[in-house]
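Down below is the structure, laid out as structure tokens.
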Amino acid sequence: QIRLVCEYFYKCNKLHNLEMMEEFQKICLEFEAGGIKYAPLKGIQFLNEYYTDLGSRQLGDIDVLVNSSDYKIIKKIMNDLGYIEGEYEYVEKRIIPIDRKLQLLHQKSIGNFHPFKKIADDKQLSEIFSIDFTYQIKGDLSGHIGKCILENKFECKTVYFIYLCTHLYKEAIGTYWIYNNKSDSII
């Protein structure tokens with residue numbers, strides 16, 4: 001029976017990932033039409049590049065590197081696609097838009113736009129789509145890594161490896177400080 005449960009989970013995960021990838025493809029087409037430079041990061045990049053099977057890794061959200069100067073265009077494209085910069089209320093099943101103060105605080109604190117979310121009404125397994133746009137890579141003070149990734153879309157594997165190391169380091173440090181109740185993070 002454990003095997004059947006695992007097979008069921010795998011099939012559901014594969015379908016969910018397909019839904020996420022189809023949604024990301026719509027965003028990519030709009031970004032390309034709008035002249036937005038972007039590069040997928042982390043999970044969706046790994047799923048496309050390194051995993052041999054769509055069911056072997058779960059996508060929770062989609063992370064994308066962009067230029068901060070493209071925020072207004074990105075926001076318009078995302079709004080046109082039905083996305084709201086906000087938080088999903090799971091009980092009421094609605095997205096609550098964030099206010100300007102929280103939006104600016106989020107951008108200043110972590111180098112991301114606040115996540116854009118969309119209710120996935122017509123999908124079988126995905127309840128919402130969440131897109132995180134990063135425009136600042138921690139530790140990349142010169143902006144060289146981010147620029148290289150945006151220009152080359154990971155043709156330079158070494159640069160992506162450096163990005164991934166800095167990202168995982170940032171995540172590990174944040175987890176350590178939160179675990180030890182020493183976090184002063186407000187987000």
Side-chain angles (χ1 to χ4, degrees), residues 17 19-50 57 59-88 95-118 120 126 128-174 185-187:
N17 288 347
E19 291 173 355
M20 296 283 281
M21 293 181 80
E22 287 171 5
E23 187 66 21
F24 184 59
Q25 187 62 34
K26 293 175 192 174
I27 295 168
C28 292
L29 291 172
E30 293 299 320
F31 277 16
E32 288 165 13
I36 301 291
K37 287 187 178 180
Y38 69 94
L41 297 175
K42 300 187 297 185
I44 197 154
Q45 177 65 16
F46 286 157
L47 203 56
N48 282 327
E49 189 79 22
Y50 301 110
R57 186 199 192 284
L59 293 176
D61 63 2
I62 297 172
D63 298 283
V64 184
L65 179 66
V66 295
N67 287 310
S68 63
S69 58
D70 290 332
Y71 173 73
K72 288 182 181 178
I73 301 168
I74 290 169
K75 183 174 175 87
K76 180 173 180 358
I77 289 171
M78 296 304 286
N79 289 162
D80 289 349
L81 290 171
Y83 283 85
I84 297 170
E85 201 170 1
E87 291 298 327
Y88 184 64
I95 298 171
I96 302 168
I98 60 163
D99 61 26
R100 180 77 173 140
K101 183 178 177 182
L102 184 57
Q103 179 188 51
L104 293 173
L105 185 62
H106 195 89
Q107 290 176 15
K108 185 170 175 43
S109 299
I110 61 175
N112 287 13
F113 304 138
H114 196 279
F116 285 81
K117 301 189 184 279
K118 174 179 159 181
S126 302
I128 63 163
F129 295 117
S130 182
I131 315 297
D132 289 341
F133 292 106
T134 298
Y135 57 82
Q136 179 184 17
I137 294 176
K138 298 294 183 199
D140 183 21
L141 300 178
S142 68
H144 175 73
I145 295 171
K147 182 178 180 183
C148 187
I149 291 172
L150 282 173
E151 295 295 326
N152 299 307
K153 293 229 180 148
F154 305 109
E155 290 174 17
C156 181
K157 302 288 183 193
T158 303
V159 171
Y160 187 68
F161 179 72
I162 292 169
Y163 155 73
L164 190 58
C165 288
T166 61
H167 173 75
L168 293 174
Y169 173 77
K170 177 189 81 167
E171 295 289 320
I173 291 297
S185 175
I186 56 177
I187 294 184

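Throughout, residue positions are numbered sequentially from 1 according to the sequence presented. Everything numeric here is computed off the predicted structure, so don't read it as measured data.
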- Task: To the nearest 0.5 angstrom, please state how far the OG1 atom of Thr134 sits from the CG atom of Leu65.
- Result: 6.5 Å
- Query: Quick one: does Asn17's side chain have a donor or acceptor within less than 3.5 Å of a partner on Arg57's backbone?
  - Reply: yes
- Approximate separation, where rounding is to 0.5 Å, of Ile62 CD1 and Asp132 CG: 9.5 Å
- With rounding to the nearest 0.5 Å, note down the distance linking CD in Gln25 to CD in Glu22. 9.5 Å
- Query: Shortest non-hydrogen contact from Asp70 to Lys37?
  - Reply: OD2-N, 4.3 Å
- Task: Heavy atoms only: give me the nearest Leu81-Lys26 pair and the separation to one decimal.
- Result: CD1-O, 4.4 Å
- Message: Working to the nearest 0.5 angstrom, can you tell me the gap between Phe133 CZ and Asn67 CG?
- Response: 12.5 Å
- The salt bridge (Lys or Arg N to Asp or Glu O under 4.0 Å) partners of Lys118 (sequence neighbours excluded) come to Glu23
- Specify the closest pair of heavy atoms between Met21 and Leu59, including all atoms of both residues, with the distance to one decimal. CG-CD1, 4.4 Å
- Message: If I compare all heavy atoms of Ile95 with all of Pro97, which pair ends up nearest, and what's the gap?
- Response: O-CD, 3.5 Å
- Check Ile98 against Gly86 and note the closest heavy-atom contact, atom names and distance. CG2-CA, 3.7 Å
- Query: Taking the inter-plane angle between the rings of Tyr71 and Phe116 on a 0 to 90° scale, is it parallel (under 30°), tilted (30 to 60°) or perpendicular (over 60°)?
  - Reply: tilted
- Query: Do the rings of Tyr83 and Phe129 sit parallel, tilted or perpendicular, given the 30° and 60° boundaries?
  - Reply: tilted
- Message: My understanding is that only residues two or more places apart in sequence, or in another chain, count here; which of them pass side chain to side chain donor-acceptor pair (under 3.5 Å) with Asp99?
- Response: none
- Item | Shortest non-hydrogen separation from Lys42 to Asp63 and the atoms involved | CE-OD2, 3.2 Å
- Query: Considering only heavy atoms from C-beta outward, does the side chain of Tyr88 approach that of Ser130 to under 4.5 Å?
  - Reply: no
- Message: Quick check for you: to the nearest 0.5 Å, what is the distance between Ile36 atom CD1 and Cys28 atom SG?
- Response: 12.0 Å
- Item | Phe113 vs Lys75, side chain to side chain contact (heavy atoms under 4.5 Å, CB included): CA-CA, chis, key distance, verdict | CA-CA 10 Å; Phe113 304 138; Lys75 183 174 175 87; over 6 Å; no
- From CA spacing to verdict: side chain to side chain contact (heavy atoms under 4.5 Å, CB included), Ile27, Met78: CA-CA 8 Å; Ile27 295 168; Met78 296 304 286; 3.9 Å; yes
- Item | Heavy-atom side-chain proximity of Ile77 to Phe31 below 4.5 angstrom | yes
